[in-house]
Amino acid sequence: MASPNALTSQSEDFPRWYQDVVAKAEMADNGPVRGTMVIRPYGYALWERIQAEIDARIKAAGAQNAYFPLFIPQSYFAREAEHVEGFSPELAVVTYAGGEELSEPVVVRPTSETVIGEFMAKWIQSHRDLPLLLNQWANVVRWELRPRLFLRSSEFLWQEGHTAHVSYEDAAAYAMRIHLEVYHDFLVNVMAVPAYVGIKSPRERFAGAINSLTCEGMMRDGKALQMSTSHELGQNFARAFNIVYQSEAGQSELCHTTSWGASTRLVGGLIMAHGDDRGLVVPPRLAPIQAVIVAVRDEPAVLDACAAIDAALRAGGVTTSVDRGRGSFGRRVTDWEIKGVPLRVEVGPRDLANGVVTVVRRDDGSKHVVTLEALPSRATELLAQMQTALLEGARARRDAATADVTSIDDAIEAAQTGFARIAWDQVGDSGEARLNDLAVSVRCIQRADGSTPVSPNEADLVAIVAKSY
RNA sequence: CGGGCUGUGGCUUAGUUUGGUCUAGAGCGCUCGGCUGGGGGCCGAGAGAUCGGGAGUUCAAAUCUCCCCAGCCCGACCA
């Protein structure tokens, strides 16, 4: 019954398994310039689903989409000291264009705090103009030395939100809202990734931020992946770009700004959070194709039945694709499994003779014989069950691979196979340095109940430490 | 940027040590035909490589020498 291995197994070589999945599920290819990525239709369809879900949540939080230029004057970066220091190693700079040397080099955006800050300063006059809530979907460039498809590429796609507020409290509350209502909600309820939430330690913070909120997912090899970040930028950028408003009292005041983003890295996270030895496993709510109808044979009677089943499923709100039965059955089944399509509806002469189809769930391989009449509702039910099972499975793995420890040594030990939870007081700057020396880092700092604190100075915080991508 | 290594059809690679038997072989993939068909099925026929690039040594270079280029792995940052 077991099919021959199309992929390297996870236990044998996890990074290689990842590469195999990306290639064989036809998600992406390496671009011609080192570190660049070609996103293929299936990979892009997954990204479009991620975009749609995140975009809807961003709009629900009141932000509007806009677009700012790819090219940024180099001088902008110099205005915020930490920001320029943090980003200069990975900047791509255009010095020659239009047939001549440029008088001022132009940076290809690695992130847009600076340009957007410049325009916020122009647009904001009064407290009545606040809050200003912007978001853009864009590509960004951060020159990478060690690229990996989706996880770390020199150019990637993302959304970056940028907002300006009258007070620290408003800004902090909005960053928190995005963190919880956009990212965490999406991760848990759509992507089925029970991410740990918290704030970054000072040394892991975004360059130029006063506080960074993060969602950290556990991959199936026990390593962490940062899946989103939301930053409180304080008045750092407002000061650098002169983003000021006139208060009700008539005083000129500096704004408080935030920025927040999630990228195509989430596609990599999807692969590693749920994938198994047969390939990708896509949560139903995220799947571009929720059910593939596989014709066992390329025969008119079977194909007609497939078309009718397809129509019925679509009418029932299930997104589908029909595999018309060219090529061997085993090959086609394997290909759909690698792509992680949640349900496979097998339609063959034997099924049709009995007025049924065979439905197979991708996550647990369970087979269900379903009558044609019951199929749409049964499919919806199975999709819902799979969505729940994926989240519960991921949570169970996460909890089983998270160890409570009381020393840095034990944290390092635990981080070899999973996460460690340790009192933040036990870590300290020197403890964090020791962790970092062994490629382990503080992924986030959270309250004892798992919620996100407001600052690293709250009492009784715990640190989640792990190796990370 | 420092250290280790590799470049041979689309992909994985044999051949390089010891130059000639290489008109470069195979597997996967691809094309065509047939048989098949409920887990990568079988048979047959094909297409596809100026052996990373350049220079050199030699009667003779995938193989030896030099230079260049590209990529991979390991060490400091990042969504």
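What you are looking at is a predicted structure, and each value in this text was computed from that prediction instead of being measured. Throughout, protein chains are lettered first and strands after them, A, B, ... in sequence-line order, and every chain is numbered starting at 1.
At least one cation-pi condition fails for A/K200 and A/F206: the charged atom is not both under 6.0 angstrom from the six-membered ring centre and inside a 45 degree cone around its axis. Geometrically, A/R398 engages A/Y196 in a cation-pi contact, judged by NZ or CZ lying under 6.0 Å from the ring centre and within 45° of the ring axis. Judged by a 6.0 Å distance limit and a 45° cone about the ring axis, A/R148 is positioned over the six-membered ring of A/Y18.
A/E118 has a carboxylate O that lies under 4.0 Å from a charged side-chain N of A/R79, or vice versa, which qualifies the two as a salt bridge. Salt bridge absent: A/D276 and A/R278 never bring a charged side-chain N and a carboxylate O closer than 4.0 Å. A salt bridge is defined here as a Lys NZ or Arg NE, NH1 or NH2 lying under 4.0 Å from an Asp or Glu carboxylate O, and A/D185 with A/R57 meets this definition. Checked for salt-bridge contact, A/R434 and A/D409 meet the test: a charged N lies under 4.0 Å from a carboxylate O. Between A/E216 and A/R443, at least one side-chain nitrogen of the basic residue sits less than 4.0 Å from a carboxylate oxygen of the acidic one, meeting the salt-bridge criterion. The residues A/D335 and A/K339 are annotated as not salt-bridged, no charged nitrogen and carboxylate oxygen being separated by less than 4.0 angstrom. Between A/E26 and A/K24, none of the side-chain N atoms (NZ, or NE/NH1/NH2) sits under 4.0 Å from a carboxylate O, so this pair counts as no salt bridge.
Comparing the C1' positions of B/rA24 and B/rC51 gives an interatomic distance of 8 Å, to the nearest angstrom. Distance noted for atom P between B/rC22 and B/rA62: 13 Å (whole Å).
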Short heteroatom pairs, N/O only, protein and nucleotides 26-30 of chain B, under 3.5 Å:
residue: B/rG29; atom: OP1; partner: A/R331; partner atom: NH2; Å: 3.3

Output one line per pair: protein atom, nucleotide atom from nucleotides 32-37 of chain B, and distance, for all N/O pairs under 3.5 Å.
residue: B/rG37; atom: O2'; partner: A/R297; partner atom: NE; Å: 3.3
residue: B/rG37; atom: N2; partner: A/G325; partner atom: O; Å: 3.0
residue: B/rG37; atom: N2; partner: A/G327; partner atom: O; Å: 3.3

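A straight line from CZ of A/R16 to P of B/rC73 spans 12 Å, rounded to a whole angstrom. Separating the NE2 atom of A/H368 from the C1' atom of B/rG38 is a distance of 17 Å, rounded to the nearest angstrom. What separates CD1 of A/I338 from C1' of B/rG39 is a distance of 12 Å, to the nearest Å.
Contact annotation for A/P110: no contact, since no heavy-atom pair falls under 4.0 Å across all strands. Residue contacts for A/T358: at a heavy-atom cut-off of 4.0 Å it reaches a base atom on one of the strands shown.
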**Asked** Can you give the dot-bracket line for RNA chain B, where a pair is Watson-Crick or G-U wobble with both atom distances under 3.5 Å, crossing pairs use [ ], and | marks a partner on another strand?
**Response** (((((((..((((......[....)))).((((((.....)))))).....(((((..]....))))))))))))....
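The stretch residues 45-62 of chain A does not touch RNA chain B, since none of its heavy atoms comes less than 4.0 Å from the strand.
Expressed to the nearest 0.5 Å, how far CG of A/L157 lies from CG of A/N139 amounts to 6.5 Å.
Of the residues listed (A/R361, A/R344, A/R362), the one engaging A/E337 in a salt bridge (Lys or Arg N to Asp or Glu O under 4.0 Å) is A/R344, and it is the only one. Paired with A/Y183 under the rule side-chain contact (heavy atoms from CB on, under 4.5 Å), one option of A/I178, A/L213, A/V188 passes, and it is A/I178.
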**Request:** Let me see the working for A/R49 and A/E53 under salt bridge (charged side-chain N to carboxylate O under 4.0 Å, His left out), right down to the final yes or no.
**Result:** CA-CA 6 Å; A/R49 287 288 307 127; A/E53 294 288 342; 2.8 Å; yes
**Item:** Trace of the side chain to side chain donor-acceptor pair (under 3.5 Å) decision for A/E80 with A/T114
**Value:** CA-CA 9 Å; A/E80 213 290 328; A/T114 59; over 6 Å; no
Quick one: side chains of residues 284-295 of chain A, donor-acceptor pairs under 3.5 Å with protein atoms, not counting sequence neighbours, listed by atom name and distance.
residue: A/R285; atom: NH1; partner: A/N189; partner atom: O; Å: 2.6
residue: A/Q290; atom: OE1; partner: A/T319; partner atom: N; Å: 3.0
residue: A/Q290; atom: OE1; partner: A/T319; partner atom: OG1; Å: 3.4
residue: A/Q290; atom: NE2; partner: A/P284; partner atom: O; Å: 3.1

**Asked** What one-letter contact string describes nucleotides 74-79 of chain B from 5' to 3', where B marks a base within less than 4.0 Å of any protein heavy atom, S marks contact via sugar-phosphate atoms alone, and - marks no contact?
**Response** S-B-BB
